[in-house]
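Since the structure comes first, as structure tokens, the remarks are kept for the end.
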Amino acid sequence: SEIKKENKLSETDEEILEIILHSLKHSLLLEVPIFTGLEENKFHGTFEINDSKDEWAAKVYVYDTEDGGSGGFSTIIRNKDILETMLDDVRLRRLHCPVRECRQACKHCLYIRNCGFVNRRLNRKLLIQSGIFQTE
């Protein structure tokens, strides 16, 4: 992949994709409490890669942790303006470290308290290079 060559990475393409998806999940989970007013521990996320021969897809899931949901995501999804503003904030505040130009990810841009991977394998720069968040 181009990202692998450009960054001279030793990871496999699938490992690089996992880093990008993990970073995307964190960037979304950090913004959701700001736009819902709910505590950060009310949300979790996961990701999956389907690389079967018939179909290739990668997905990130972010969800409410309460039984039946807290309504946090439905509030965001129902209002296009809120969703677009949240995604703009991800692009502006999480992909570009607000405090310092950290190498990959730090407590100011992508770390979350309840990370199942203990905040390992995060890289906001790979997320930027992936092109998921375009400026328009």
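Source: prediction; values computed, not measured.
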For [X] against [Y], the heavy-atom pair lying closest together:
X    : Y    : result
F43  : N114 : O-ND2, 3.8 Å
V90  : S27  : CG1-OG, 3.5 Å
L38  : S70  : CD1-OG, 3.3 Å
H108 : C97  : CB-SG, 4.1 Å

### Task
May I ask you to check whether H26 and Y111 place their ring centers less than 6.0 Å from one another?
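Ring centroids of H26 and Y111 are no less than 6.0 Å from each other.
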Rounded to the nearest 0.5 Å, what's the gap from [atom1] on [X] to [atom2] on [Y]? Could you check?
X    : Y    : atom1 : atom2 : value
I76  : E84  : CD1   : CD    : 13.0 Å
I20  : L122 : CD1   : CG    : 12.0 Å
N79  : S74  : CG    : OG    : 11.5 Å
D88  : R93  : CG    : CZ    : 11.5 Å
R103 : N123 : CZ    : CG    : 8.0 Å
L95  : S130 : CG    : OG    : 8.0 Å

### Query
Looking at residues at least two apart in the chain, or sitting in another chain, which of them share a side chain to side chain donor-acceptor pair (under 3.5 Å) with K42?
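So K42 forms a side chain to side chain donor-acceptor pair (under 3.5 Å) with E66.
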### Task
Kindly indicate, with the supporting measurements, whether the criterion side chain to side chain contact (heavy atoms under 4.5 Å, CB included) is fulfilled by F35 and D89.
CA-CA 10 Å; F35 285 86; D89 276 11; 3.3 Å; yes
### Task
Begin from the C-alpha positions of L110 and R94 and carry the test side chain to side chain contact (heavy atoms under 4.5 Å, CB included) through to its verdict.
CA-CA 6 Å; L110 288 183; R94 300 300 167 192; 4.2 Å; yes
### Query
L21 and I49: side chain to side chain contact (heavy atoms under 4.5 Å, CB included), yes or no, with the steps?
CA-CA 9 Å; L21 295 174; I49 300 169; 3.6 Å; yes
With heavy-atom distances below 4.5 Å as the criterion, would you say the side chains of [X] and [Y] are in contact?
X    : Y   : answer
L126 : S23 : no
V62  : H44 : no
E39  : P33 : no

### Message
Does E101 form a salt bridge (charged side-chain N to carboxylate O under 4.0 Å, His left out) with R124? I'd like the steps, not just the answer.
### Response
CA-CA 11 Å; E101 188 60 27; R124 63 185 178 76; 3.3 Å; yes
Are [Y] and [X] connected in a single hydrophobic cluster, I mean Ile/Leu/Val/Met/Phe/Trp/Tyr linked by side-chain heavy atoms less than 4.5 Å apart?
X   : Y   : value
L92 : L30 : no
Y61 : L24 : no
Y63 : L87 : no

### Message
Does this structure show an ion pair linking E11 with K4, if we count only N-O contacts that are shorter than 4.0 Å?
### Response
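Salt bridge flag = no for K4 with E11.
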### Query
When you check the gap from the basic side-chain N to the acidic O, do E6 and K125 get nearer than 4.0 Å?
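Looking at E6 and K125, the cut-off is not met.
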### Task
Would you please classify the geometry between the H22 ring and the F117 ring as parallel, tilted or perpendicular, with 30° and 60° separating the classes?
perpendicular
### Task
Decide yes or no on side chain to side chain donor-acceptor pair (under 3.5 Å) for Q129 and N7, but give the supporting numbers first.
CA-CA 10 Å; Q129 290 174 349; N7 293 283; 2.6 Å; yes
